[in-house]
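Worksheet: one structure, shown below.
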Amino acid sequence: MNGVIYARYSAGPGQTDQSIDGQLRDCREYAAKNDITIIDTYIDRHISGTDFKNRTEFNRLMNDCKKHQFSAVIVWKIDRFGRNREELAMNKVKLKKQGVKLLYAKEHIPDGPEGIILESLLEGMAEYYSAELAQKVSRGLLESVEKGHVLGANPLFGYDLHDKRYFINPTTMPIVVEVFERYASGDTAKVIMDDLNRRGYRTMKGNNFNENAVYYMLRNRKYIGEYLYKGKVYPNVPQIVSSDLFERVQDILGLNSRNKSRTRCTAPVEFLLTGKVFCGYCKNTVIGDSGTGRSETYYYYKCSGRKNKNACCQLKTYRKEFLEKYVARYTINNVLKPDLIEFLARKIVELQNADDETILLRNLNKRRKEIQKGLDNIMKAIEMGIITDTTKDRLVELESQRSDLDAEIAKAEIKKPDITADQARYWLYNFKNGDIDDVEFCTKLINTFVNSLYLYDDYIVIVYNFCDREGSPEEVNAALEEIKIDHELSNLNGSAVHGQVPATGIEPVREISPAGF
């Protein structure tokens, strides 16, 4: 029987990799006693047993069991697999459906009705322990706060931290007051930051001050003696800044924030083509920008060269929504055609079959066939009465080799990606049938297929991450030269120009045959 090991330890003091080492040792001993060949291990570190969502290795294990390369999962004890009875039961059912047993190295659970009862009891105890532990921890933290302590080990600028209590630092405390007073008097966070760094002051982590560190200080209510824990304010911190000064600073921060949002030039929206768009004339990047009218904000793509006063580029601006939807619509209607989808589905499978794991698996299977052929020949010899000590030794040796190869093949099968042409085809047709008004869909479409764009005043050139015909790099270079794009093919990540697309609804100037995959 092939099996795998799952090990985990929770976050918290005293939880280290030594726990993992002990779990693995006991699980391997259990496997050896029960004639189970371990083909892989899955380890989650600093993860709670109730947190099924973020247990990366656990989720990988549940996916790998569908590949049917192992028949058992060994855990140290039942609480390593989970402490939530509902989730634990659901995941055990998933294992059972795939023909996989859940075994416990340190808990003997017999088969039959009594085993089910015992296992249910252990699950309940694990859940109870988890809930009780969380309750004890929460109660202990609250008790600590009630006694005037602060949680965490990170000190705050202006204070010293001793025995879980804050004390005013006589050296840095005046600096805190100065920061508040200067900001209230009109100094900006950047001016304050530069001055603190020039005078040699550093944050509590020993870093230079930045604007975020200044703003964090200005918004921190601990400086007026308020310590917040679970929605309740405790007077656990000595006050440094007067309440009146603190509130004046908050008013200024709010006013500056509102003014900044009204006058900001950089659009607070996501430009889907960022990093992919270039000016066809000056080859500068094209960036997202915004402008305001009487009643609304306009978002558009603009050549970065136009922001330079000395630049001569006069590429027109493109409305954000128009350009993004045009590229998405053109890709769906003119590129993702059934014949290309078939081509891509076939290529995806070919690329998968060419990866290292698949080649390794192919070689392992080839070796296994050779060994099986040798075993078949020996069996024929035995049937003919040819039995010698050498025959026996060779038979045992080949059977041992076959057993080892079976384990290696199972390991490779787990790691091997398993994408069929039908799955690839289904995935590609999801793009074909997508909604270009859905921002999330457009983002995925553009990131998957579009490599780069070159904008001109009357048309654009789209470079895709694939193409649908065979060709040579020289043909692609010639096409790029013909449309006057001074750009090395090597910088296109192996992509090819699909064609020239009109920017204003006119017919394409010319279609360029794609080349290479």
Side-chain angles (χ1 to χ4, degrees), residues 1-7 20-43 57 60-77 80-81 92 94-112 115 352-418:
M1 180 190 296
N2 287 340
V4 299
I5 295 174
Y6 175 73
I20 294 294
D21 295 338
Q23 293 178 47
L24 294 178
R25 182 175 59 253
D26 290 340
C27 289
R28 289 193 174 106
E29 288 178 0
Y30 177 89
K33 290 178 182 178
N34 292 274
D35 197 24
I36 299 173
T37 302
I38 300 301
I39 64 171
D40 206 352
T41 57
Y42 303 79
I43 300 172
E57 286 294 280
R60 184 170 74 88
L61 163 66
M62 298 306 294
N63 286 328
D64 286 349
C65 76
K66 300 174 184 176
K67 298 182 178 181
H68 305 293
Q69 296 305 313
F70 53 86
S71 304
V73 175
I74 304 174
V75 296
W76 187 61
K77 288 185 176 181
R80 297 301 90 188
F81 199 67
K92 283 169 58 181
K94 292 178 183 177
L95 289 179
K96 188 175 180 180
K97 285 182 177 179
Q98 302 301 329
V100 178
K101 292 182 179 179
L102 181 61
L103 304 174
Y104 312 107
K106 287 298 182 180
E107 290 172 332
H108 175 64
I109 299 178
D111 294 330
Q352 174 187 257
N353 291 335
D355 69 15
D356 292 340
E357 295 297 340
T358 305
I359 294 172
L360 172 63
L361 186 60
R362 191 180 300 130
N363 290 334
L364 290 173
N365 281 314
K366 182 178 179 181
R367 285 169 53 194
R368 192 189 186 286
K369 286 181 180 178
E370 293 172 352
I371 290 173
Q372 186 61 50
K373 184 177 180 181
L375 284 169
D376 292 342
N377 291 335
I378 291 177
M379 292 305 297
K380 288 179 181 178
I382 292 175
E383 290 172 357
M384 294 171 62
I386 305 173
I387 304 175
T388 65
D389 290 340
T390 304
T391 306
K392 293 179 183 178
D393 292 342
R394 182 57 177 164
L395 180 64
V396 171
E397 180 185 357
L398 287 176
E399 286 181 337
S400 176
Q401 290 179 10
R402 183 178 63 180
S403 178
D404 291 341
L405 273 175
D406 285 341
E408 289 296 320
I409 289 170
K411 291 180 184 179
E413 283 283 3
I414 288 177
K415 295 179 181 179
K416 173 182 174 294
D418 189 17

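Summarising the geometry, atom CG belonging to Asn377 is positioned 10.0 Å from atom CD belonging to Gln372; distances are rounded to the nearest 0.5 Å. How far CG of Leu102 is from SG of Cys65: 11.5 Å, rounded to the nearest 0.5 Å. For the atom pair CD1 of Ile20 and CD of Gln23, the computed distance is 4.5 Å after rounding to the nearest 0.5 Å. Atoms CG and CD, from Asp406 and Gln401 in turn, are 12.0 Å apart once rounded to the nearest 0.5 Å. The CG atom of Leu24 sits 9.5 Å away from the CD1 atom of Ile38 when rounded to the nearest 0.5 Å. Note: Gln98 CD to His68 NE2 = 4.5 Å, rounded to the nearest 0.5 Å.
Residues Val75 and Cys27 share a closest heavy-atom pair of C-SG, 3.7 Å. Contact record, Asn2 with Ile36: C-CG2, 4.2 Å, taken as the closest heavy-atom pair. Residues Ile43 and Glu57 share a closest heavy-atom pair of O-CG, 2.9 Å. A pairwise comparison of heavy atoms in Val100 and Phe70 identifies CG2-O, 3.6 Å as the closest pair. Looking at every heavy atom in both residues, Met1 comes nearest to Ser71 through CG-CB, 3.7 Å.
At a threshold of 4.5 Å between non-hydrogen side-chain atoms, the residues Ile74 and Tyr30 count as touching. Annotation: side chain of Asp64 is not in contact with side chain of Gln69 (no heavy-atom distance under 4.5 Å). Side-chain contact between Arg60 and Asp40: present, with at least one pair of heavy atoms (C-beta onward) separated by less than 4.5 Å. In this structure the side chain of Leu95 reaches within 4.5 angstrom of the side chain of Met62, judged on heavy atoms. No side-chain heavy atom of Leu103 sits less than 4.5 Å from a side-chain heavy atom of Asn34. Glu397 places a side-chain heavy atom less than 4.5 Å from the side chain of Arg394. Between Thr41 and Arg28, some side-chain heavy-atom pair lies under the 4.5 Å cut-off.
Taking 4.0 Å as the cut-off between side-chain N and carboxylate O, Glu370 and Arg367 do not count as a salt-bridged pair.
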